[in-house]
Amino acid sequence: MSVEKVATAQTIAVPVAEEIGEVWLAPKPTSLWRDAWFRLIRNKLAVAGGIVVLLMILVAIFADQLMPFPYDKSSLSHANEAPSATYWLGTDYIGRDLLSRIIFGARVSLLVGLGAQVIIVLIGIPVGAVAGYYGGKLDSYLMRFVDVMYAFPQLLFVILITTMLGASIINIFIALGLTGWVGLARQVRAQVLTLREREYVKASRVSGAGGPYIILRHLIPNTMTVIIVSLTFGIPLAIFTEATLSFLGQGIKPPIPSWGQMVGENQQYLRSYWHMTIFPALALALTMLSFTFFGDGLRDALDPRMNK
Amino acid sequence: MSNGSSPVLEVKNLKTHFFTRTGVVQAVDDVSFSMYEGESLAIVGESGCGKTITALSLMKLIPHPGKIIQGEIHLHSDTGDVDLVKQSDRQMADIRGNKIGMIFQEPMTSLNPVLTIGYQLMEPLKLHLQMTDEQARKQAIELLRRVGIPAAAERLNDYPHQFSGGMRQRVMIAMAIACSPLILIADEPTTALDVTIQAQILELIRKMNQDLGVGVMLITHDLGVVAELCQRVIVMYAGQIIEEAPIEEIFNNPKHHYTIGLLRSMPKLGPHVKERLVPMKGLPPDLLNPPKGCRFQPRCPARQAKCAETPPLMPMGPRHRAACWFPEEHGA
Amino acid sequence: MSTNGTADGTLLAVKNLKKHFKIGGGLFKNRAGQVLKAVDGVTFDIKRGETFGLVGESGCGKTTLGQTIVRLYEPTSGQIIFDGTDISELREEKLRPLRRGMQMIFQDPGSSLDPRMTVGDIIGEPLDVFRVGSKDEQKQRIEELLRIVGLNAYFVNRYPHEFSGGQRQRIGIARSLALNPKLIVCDEAVSALDVSIQAQVLNLLNDLQEQFGLTYLFVAHNLAVVAHVSDRIGVMYLGKMVELGSTPQIYDHPLHPYTKALLSAIPIPQVGVKKKVERIILTGDVPSPINPPSGCPFHPRCPIATQRCSVDPPLFEQKESGHWAACHYAS
């Protein structure tokens, strides 16, 4: 007489070999990512941040279609105008539409942020993983190098590059990337040091796998959480650094708009025409905040039980 | 001990459920038993059977998201009878460490690493017995001596990390019996210890039980330890009690098929040590959705149609009860 | 069972193997590098097709010994002769092909499987590393391995966290069989499992041994389990092997006082049966391998130790046929 095994919403009936029993109610396949996704969705702040980030990305991609005016079209007769029906956010000191410039600024910020992260990832992950896995002298040398880079004043280095090679978007994000990979390298190394002692790594070695195989197949995939979170927080950091540079006049040069640049350019008019400074500053602040909320939520969702 | 003397603890229809996102886990499901003065009782089962949650329910230390949803836990002491289920947190704080002591599997995590063990030992003495510093210190030294820690007076000022695993467990025992409790609950006290140290600790617990008359409730999965130490055994499976008997009965005349299966699964050191083990088929049930009727059915070699009806605990012999419609006739 | 390699049927011979770890040290003079002698001169051999049990308490070095034999650690000195070849000093390139012959099953079902990989990928990893067969052939082999260990091939695309501890151990066993090894080191392979699941897995290991002619080195701290599976047993204490013999020899007449204490300390799950040995309760704690005692490492806790034992380390000698012990007063 067999016992009625009824599959429920959570389970699937799977015939199993004799030894285990007749039928095993196997839980429906759950992926770790799905669990994380549901945790993320429940975090309202993170969702809000995520939506704003998404909007910003869309704005950046479709900037050309969205801008009511070309960002460099100046109309001196309409200079310093407050927000109106034509110029929704007003104009700056030479009559350029603030809204269009802010929209295009989104693209600039995002390019810099993402571009820097690409370089950071390409340098930081291998350095951290190799140092963490092999240890010994290699680790010592790499970490001393990391310490030196860490001490480097990032801003000054980028200014140096932009002065010598010009302040294009590409130069800026390359410079930011070259000086910004250190944090990720350290985090990856720390994670790899922990993972290196896990039994599945030992199992892999006993199965004949060498260092590169283990790093690529086991260590880096299990470091994904750290990497994703670092990316998510790194983007706003890069954006803000670029904003600072541009504010100081060392970053993106006009007429290409950058939010930091706009704040810098227009701050002298703060008392009389506040809109020219406040709106780009708000855009920057909103972006930073959204990325931060989203990043926090992402880290919480990914972190706790990713490895059950 | 358990022959007509009054029960010091009476658990009636205890239900502790965990309200998780995926459903309600019926960790402890309608458990009733009694414990008598000065006896040593074992609660035995494998992981997930509910034995630890039962002990934590007694101490009202159930982790989130668990809750006692039904039942009574009567503690009979010389200051009167109380139903622990109804006690508030403050009232329980008076009972824990005072009337009921508890030691856990991992002594390192139960001891505060930044406080000396002298401080931690004197804490319950000053709190529950209102001792002065001087009195507490004296008593603490005496307790350490009693649990077999050499150079007790000097070691009062040491920190937990300066003790070995076995020593720390001794300190835990000292703390747990400091106020001469009625019951000492020991949750897997020797599982994390080496076997030669385990022998020492079991000897110590036996001394506490026999010399000081402290009742011992031993929670474990190790039937060998049970045979060494306990007078009576309760076997739990999937949140329910499925057999209850004195020690000789459990080992020589088990009735429930799970108990029999458990005994047959263990390699026993002896001339027949290389005999093929007879493991039970299958896995313990999912407590989110346990089988209807007898929960051991899917794995039971003796199951029949009637097992779809939940069997109650039925008398099987002298002080021997089992929840089975078709218990084993002959001895193990 | 074929007897290629060595004529006398020895698959693994370990000679005076030592594994020391340097710890501490650094800039502070009073903490000059101390040495942790995890394995301190162990000699034994394992015959083809047998199960050799290695037993001892924490700090005795049995896990380090098992892992050094499969070259997870580099031996400090001594020899490891596997199937006729001395692998103790081989460079990785020469060693790699030989790794196919010896595999390992680990203790913790929670961390012995990569949580990011599917079961199929985990089991197939050895095949992937050595590029054995085409993708299809590998797929077939993986399904076959799952069946061999009693799991449905359906589970190939699932993740470890969806399985119970016992099932994960089966997956680990399937992985270790992938390359048809000759020797499998079971490093506390059942210690983290519940009793009833443990029994299932022990039976499985037994069946596999018969089916595939495997040789096991079974490392565990539970003497009852070790005695159940092993033909011969080695008892370790503080990095040294103190006794070695067949299971009946060890159980019926242990020679070394530590073995006697160990046997007597095991709680027997039986009531009303006369105890075989009077319970010997050792005093003191299990010592640390950083500062081992002088002379015989066991002398501080030994019930029959004399003055000689604290100065003169006893040799590991054959006291009767196939039964070795390191004690001046072995009887």
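Model, not experiment: these values are computed from the prediction. Just so we're on the same page: letters track the sequence lines, and every chain starts at 1.
- Contact of C/Arg100 with chain A is not made at all, since no heavy-atom distance falls under 4.5 Å.
- Of the listed residues A/Ala209, A/Gly208, A/Pro221, A/Ser204, the one with more heavy-atom pairs under 4.5 angstrom with chain C than any other is A/Gly208.
- The CZ atom of A/Arg198 sits 6.5 Å away from atom OG of C/Ser111, with the distance rounded to the nearest 0.5 Å.
- Interface residue C/Leu113: only backbone heavy atoms are found under 4.5 Å from chain A.
- In this structure the side chain of C/Arg99 never reaches within 4.5 angstrom of the side chain of A/Ser207, judged on heavy atoms.
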Please report, to 0.1 Å, the donor-acceptor pairs under 3.5 Å made by any side chain of residues 42-50 of chain A, with sequence neighbours excluded.
residue, atom, partner, partner atom, Å
A/Asn43, OD1, A/Leu45, N, 3.3
A/Asn43, OD1, A/Ala46, N, 3.3

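- Counting heavy-atom pairs closer than 4.5 Å to chain A, the top-ranked of the candidates C/Val70, C/Asp128, C/Asn157 is C/Asp128.
- Of the inter-residue distances, the one linking A/Asn222 atom CG with C/Met117 atom CE reads 9.5 Å to the nearest 0.5 angstrom.
- Atom CD of C/Gln140 is surrounded by 12 or fewer heavy atoms from other residues, nucleotides or ligands within 6.0 Å.
- For chain A, the nearby parts of C/Phe106 are the backbone and the side chain; heavy atoms of each come within less than 4.5 Å.
- For A/Glu197, there are no salt bridge (Lys or Arg N to Asp or Glu O under 4.0 Å) partners at least two apart in sequence or on another chain.
- Residue C/Gln67 touches chain A through its side chain alone, counting heavy-atom pairs closer than 4.5 Å.
- Surrounding CD of C/Glu144 are more than 12 heavy atoms belonging to other residues, nucleotides or ligands, all under 6.0 Å away.
- The environment of C/Phe212 atom CZ is dense: over 12 non-hydrogen atoms of other residues, nucleotides or ligands sit within 6.0 angstrom.
- Both the backbone and the side chain of C/Glu125 come within less than 4.5 Å of a heavy atom of chain A.
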Report, one line per pair, each donor and acceptor closer than 3.5 Å where one atom sits in a side chain of residues 228-241 of chain A; sequence neighbours left out.
residue, atom, partner, partner atom, Å
A/Thr232, OG1, A/Ile228, O, 2.7
A/Thr241, OG1, A/Leu237, O, 2.7

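- Residue-level contacts of residues 210-218 of chain A with chain C, in order of numbering, are A/Gly210, A/Tyr213, A/Arg217, A/His218; threshold 4.5 Å between heavy atoms.
- Taking C/Val129, C/Asp121, C/Leu95, C/Asp114 one by one and counting their heavy-atom pairs under 4.5 Å with chain A, the maximum is reached by C/Asp114.
- Considering all non-hydrogen atoms of both residues, A/Val206 and C/Gln103 come closest at O-NE2, 3.2 Å.
- Summarising the geometry, atom CE belonging to C/Met104 is positioned 8.5 Å from atom CD belonging to A/Glu199; distances are rounded to the nearest 0.5 Å.
- More than 12 heavy atoms of other residues, nucleotides or ligands sit less than 6.0 Å from atom CZ of A/Arg144.
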